[in-house]
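Heads up: the structure comes next, in structure tokens.
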Amino acid sequence: TMSSESSKKRKPKVIRSDGAPAEGKRSRSDTEQAFEIEERRIQSCVHFMTLKKLNRLAHIRLKKGRDQTHEAKQKVDAYHLQLQNLLYEVMHLQKEITKCLEFKSKHEEIDLVTLEEFYTEAPPNISKAEITMGDPHQQTLARLDWELEQRKRLAEKYRECLSNKEKILKEIEVKKEYLSSLQPRLNSIMQASLPVQEYLFMPFDQAHKQYETARHLPPPLYVLFVQATAYGQACDKTLSVAIEGSVDEAKALFKPPEDSQDDESDSDAEEEQTTKRRRPTLGVQLDDKRKEMLKRHPLSVLLDLKCKDSSVLHLTFYYLMNLNIMTVKAKVTTTMELITPISAGDLLSPDSVLSCLYPGDHGKKTPNPANQYQFDKVGILSLRDYVLELGHPYLWVQKLGGLHFPKEQPQHTVMADHSQSASHMETTMKLLKTRVQSRLALHKQFASLEHGIVPVTSDCQCLFPAKVVSHLVKWVMIPHEDYMDLLFTKDIVEAGLAGDTNLYYLALIERGTAKLQAAVVLNPGYSSIPPIFRLCLNWKGEKTNSNDDNIRAMESEVNVCYKELCGPRPSYQLLTNQLQRLCVLLDVYLETESHDDSVEGPKEFPQEKMCLRLFRGPSRMKPFKYNHPQGFFSHR
Amino acid sequence: LETTLSPQAEVFEALQQLHMTVFSQSVSPCGKFLAAGNNYGQIAIFSLSAALSSEAKEESKKPMVTFHAHDGPVYSMVSTDRHLLSAGDGEVKGWLWAEILKKGCKELWRRQPPYRTSLEVPEINALLLIPKENSLILAGGDCQLHSMDLETGTFTRALRGHTDYIHCLALRERSPEVLSGGEDGAVRLWDLRTAKEVQTIEVYKHEECSRPHNGRWIGCLATDSDWMVCGGGPALTLWHLRSSTPTTVFPIRAPQKHVTFYQDLILSAGQGCYVNHWQLSGELKAQVPGSSPGLLSLSLNQQPAAPECKVLTAAGNSCRVDVFTNLGYRAFSLSF
């Protein structure tokens with residue numbers, strides 16, 4: 001570098017010499033000039049030599065200085081490094097210290113017993129009170145010792161208890177085995193005792209079987225079964241309960257879902273095939289849907305009510321699964337074959353024998369309001385069209401099955417309400433019996449009435465005089481529409497007493513030329529609800545209650561004063577007594593008719609009845625009241 | 001509080017209503033109430049003012065109170081200025097109008113005239129008030145007219161003459177004389193002071209009005225001092241009393257059970273549902289149908305204290321009392 005520097009200096013020198021300014025003195029000689037130049041050259045070479053030396057010195061000094069600095073710096077660095085190491089170590093040690101200080105010995109997690117307890121409980125060889133009281137370390141050690149001791153003891157106890165438990169479990173197993181082997185032995189005894197049961201009329205086994213079958217009954221039929229059986233056993237020996245139908249079919253209703261799904265898919269596939277071949281008509285599809293909706297549960301409950309005269313009312317109760325209602329079919333059997341008189345057709349027919357057992361309960365409509373929506377889907381107008389086949393859905397039937405359809409909240413159907421069934425059982429059974437017996441009594445009476453004889457029992461003879469001349473010539477049943485068409489029954493119809501649940505009859509009573517027509521309304525609730533009569537007399541003109549006050553009085557005598565004609569309970573004689581009274585009333589009417597002076601000849605009906613007075617009051621009433629035993633007629 | 005009736009009780013009540021006959025009516029002295037008596041011995045008090053008011057509801061047409069008054073039918077009733085007198089089976093009872101609306105009202109007094117027979121208690125068909133004497137005339141089943149002093153309750157006279165029971169009574173104010181019509185077909189006039197029969201008209205013997213096929217009984221009677229109108233078995237006829245001659249025979253076939261003079265008309269009712277309005281000349285001015293198939297009593301409310309309740313009421317063979325506000329038509333019916 002020194003050479004390059006010096007060469008650098010040379011160059012300018014050379015250049016400069018070329019470009020040296022021409023000074024003014026040309027008059028000097030060339031030798032003087034050449035001598036000055038040479039002097040100056042030598043001077044400059046010396047100067048250059050000095051410069052180089054100085055430069056060299058400067059470089060050396062600089063280098064020295066740098067080296068010194070470098071050394072010092074290195075020393076400082078080394079110290080710095082040492083310092084950092086030391087600091088690092090200090091930090092590390094501090095961390096370690098804090099770690100140590102924070103160290104929690106496992107022994108501190110153990111809940112040791114309190115000090116007081118420890119001193120009181122631990123035996124002295126462990127607690128070593130003298131040493132441990134003063135020394136916390138020793139104390140802790142002692143306490144840990146005690147803890148260990150206790151735990152060992154408890155572990156020992158635990159092991160003991162476990163083994164005990166095992167032992168007991170084994171014993172239980174053994175006993176269970178024993179008991180389960182007992183069951184088949186008992187069964188065999190039961191089987192063996194069957195002939196003895198039958199011999200002694202104690203069909204426990206039969207009852208047991210029934211209970212087994214009852215388990216498969218749908219809830220409403222089950223409620224009915226349980227309540228009826230209980231009632232029969234407790235209060236009424238004439239009631240017998242049985243279950244009919246196929247248990248297998250009942251079980252089949254509850255197939256497990258996977259099976260049924262497979263079945264469904266299979267049957268769907270089958271159906272598809274058949275529909276491809278031959279499409280069933282829409283009508284047939286609808287018909288099937290209807291049948292499905294009206295399907296009955298395969299099991300039914302039979303109730304047999306025996307009445308006093310050994311006639312039996314057979315009731316079969318069904319459950320319609322999709323409609324959630326119960327229905328009943330009724331049949332009456334008697335010990336002797338009944339010959340049904342023409343007018344008695346409807347009395348005991350299965351369709352009407354139980355109609356209006358409770359007032360208004362005609363059993364032609366479904367009691368479940370939700371059913372209407374279901375019916376609309378499959379085009380059923382009303383259950384009325386199906387009652388012959390399915391049975392009647394009377395309200396009392398639902399109640400006996402614990403079913404309740406509250407009007408205010410139609411969505412909250414009450415099911416399986418045992419208390420409702422129990423509370424209605426007794427009244428209903430009694431009403432059923434009364435109904436059958438009153439119908440049978442009427443049946444018998446109608447047979448006699450059709451022959452023109454009004455049957456009056458001996459205990460009712462006192463209601464009538466000995467001699468009754470007017471007689472019954474006709475007794476027929478008439479349809480409801482015919483009753484409505486009669487002119488003299490209008491006020492009964494207007495009063496709402498002639499609904500379509502009643503039975504209607506026409507009686508004809510005659511004496512001489514007088515003909516008395518009586519139109520009768522027989523309420524299903526006979527005999528607690530009396531028959532209602534309306535009269536039309538054809539004799540010297542047509543007389544009804546609108547133009548003859550005495551005809552009105554005669555009607556009053558049988559309709560309003562019916563309680564006298566009830567006879568001894570259960571009052572099945574009411575209708576026949578009313579008819580007999582009508583005959584007596586006609587006698588009185590005809591015999592007390594005042595003689596018309598303008599007409600010649602004797603009266604058609606001479607007065608034979610003993611009367612105190614013939615007419616009374618503003619309406620000129622005839623003496624219709626018969627007095628027993630004196631036998632005369634008076635006014636009310 | 002309404003209690004629901006058992007079905008038997010419901011049917012029985014319906015039958016009772018169907019076979020009810022309202023025999024008698026009487027207006028209260030204040031003119032606002034109407035008493036009606038029926039064949040079951042009950043008396044019902046209706047509020048005419050309530051039923052006629054513009055806010056009348058269905059309940060206003062029902063009785064305010066109904067009570068059992070007699071054992072037999074209530075055939076006749078009259079009102080004094082404070083009392084209601086009702087006649088039932090053989091006895092007459094007095095009730096206080098002021099107390100009658102209270103429940104459990106009991107009669108003030110009851111009297112039975114001295115009867116001849118004891119076998120059967122005769123009915124009382126007609127009551128007649130004699131204001132001047134403050135006495136009451138009773139007549140009915142025992143064929144006699146009994147006179148009872150209203151102050152003391154004693155029976156002062158018994159007028160005999162009828163041969164069969166008496167249907168109706170009328171008062172001839174001027175004389176004063178009482179007219180009675182009976183089952184024996186005769187109308188008899190009695191002088192109260194002498195207690196003697198002064199005139200007898202045997203209606204059935206007169207060809208113009210007799211109708212033998214109906215019988216000879218006189219069911220109704222009314223008098224206007226010089227004139228008398230009566231009917232029943234025979235035709236409804238207007239008589240001139242002094243000469244005992246029938247002047248007008250009213251052309252109606254049905255036997256009439258009640259007749260009364262009103263202004264210049266004669267109103268009558270009987271078998272058939274009509275109230276007949278007759279001119280004195282015998283012409284039928286109007287025939288207004290009521291709601292019962294036969295009518296037995298008419299009542300005109302002419303009490304000065306209640307001019308707004310001036311109505312004609314008609315009752316008979318039903319449980320209803322028809323109210324005619326304007327004589328020309330039936331406005332509505334009250335009902336037991």
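Here is how names work: the chains are called A, B, and so on, in the same order as the sequence lines, proteins then strands, and each is numbered from 1.
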Worksheet item: Can B:Gln42 and B:Thr66 be counted as having a side-chain donor-acceptor contact under 3.5 angstrom?
Response: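 No.
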Worksheet entry | Distance-only polar pair, side chains of B:Ser26 and B:Ser79, donor-acceptor under 3.5 Å |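 Result is yes, a qualifying pair exists.
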Worksheet entry | Chi angles and distances behind the side-chain contact (heavy atoms from CB on, under 4.5 Å) call for A:Trp539, A:Thr513 | CA-CA 7 Å; A:Trp539 184 59; A:Thr513 57; 3.3 Å; yes
Discussion item. Please confirm whether the ring centroid of B:Tyr204 lies under 6.0 Å from the ring centroid of B:His206.
Written reply: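 When the ring centroids of B:Tyr204 and B:His206 are compared, they turn out to be at least 6.0 Å apart.
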Worksheet entry | A:Lys399: partners by salt bridge (Lys or Arg N to Asp or Glu O under 4.0 Å), with sequence neighbours left out |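 In terms of salt bridge (Lys or Arg N to Asp or Glu O under 4.0 Å), with neighbours along the sequence ignored, A:Lys399 is linked to no residue.
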Checking [X] against chain A: side chain, backbone, both or neither under 4.5 Å from a heavy atom?
X	value
B:Leu15	both
B:Asn125	side chain
B:Gln271	side chain
B:Thr21	both

Determine which residues belonging to [range] lie within contact range of chain B, meaning some heavy atom pair is under 4.5 Å apart, and list them by number or answer 'none'.
range	result
residues 609-616 of chain A	A:Leu612, A:Arg613, A:Phe615, A:Arg616
residues 620-636 of chain A	A:Arg620, A:Ser634, A:His635
residues 485-500 of chain A	A:Asp491, A:Ile492, A:Ala495, A:Leu497

Practice prompt. Taking the side chain as every heavy atom from C-beta outward, state whether A:Glu542 and A:Asn547 have any atom pair closer than 4.5 Å.
Written response: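 They are not in side-chain contact.
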Worksheet item: Does the side chain of A:Asn577 come within less than 4.5 Å of A:Tyr562's, by heavy atoms?
Response: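 No. Closest side-chain heavy atoms not under 4.5 Å.
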Under the 3.5 angstrom rule, does the side chain of [X] hit a backbone N or O of [Y] as a donor-acceptor pair?
X	Y	answer
A:Ser556	A:Arg552	no
B:Gln287	B:Tyr274	no
B:Gln256	B:Ala254	yes
B:Glu91	B:Ala87	no

Fill in: Charged N-O contact under 4.0 Å between B:Arg216 and B:Asp164
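Salt bridge flag = no for B:Asp164 with B:Arg216.
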Fill in: Residue from B:Ser291, B:Ser333, B:Ser335, B:Ser292 passing side-chain hydrogen bond (donor to acceptor under 3.5 Å, both in side chains) with B:Arg320
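So, applying the side-chain hydrogen bond (donor to acceptor under 3.5 Å, both in side chains) to B:Arg320 and each of B:Ser291, B:Ser333, B:Ser335, B:Ser292, only B:Ser291 qualifies.
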Fill in: Most chain B-contacting option - heavy-atom pairs closer than 4.5 Å, from A:Ser528, A:Ala553, A:Pro530
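Of the candidates given, the most pairs with chain B belong to A:Ser528.
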Practice prompt. Using the six-membered ring wherever Trp is involved, compare the ring planes of B:Tyr165 and B:His167 and label them parallel, tilted or perpendicular (cut-offs 30° and 60°).
Written response: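 B:Tyr165 and B:His167: tilted rings.
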Practice prompt. Given salt bridge (Lys or Arg N to Asp or Glu O under 4.0 Å), test A:Glu593 with A:Lys540 step by step and report yes or no.
Written response: CA-CA 11 Å; A:Glu593 191 64 9; A:Lys540 296 189 185 172; 5.6 Å; no
Worksheet item: Can you say whether A:Pro359 sits under 4.5 Å from chain B via the side chain, the backbone, both, or neither, judging by heavy atoms?
Response: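 Answer is side chain: those atoms of A:Pro359 sit under 4.5 Å from chain B.
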Worksheet item: Does NZ or CZ of A:Lys563 fall inside the cone over B:Phe12's six-membered ring, less than 6.0 Å from its centre and within 45° of the axis?
Response: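 The answer is yes, since A:Lys563 meets both limits relative to B:Phe12.
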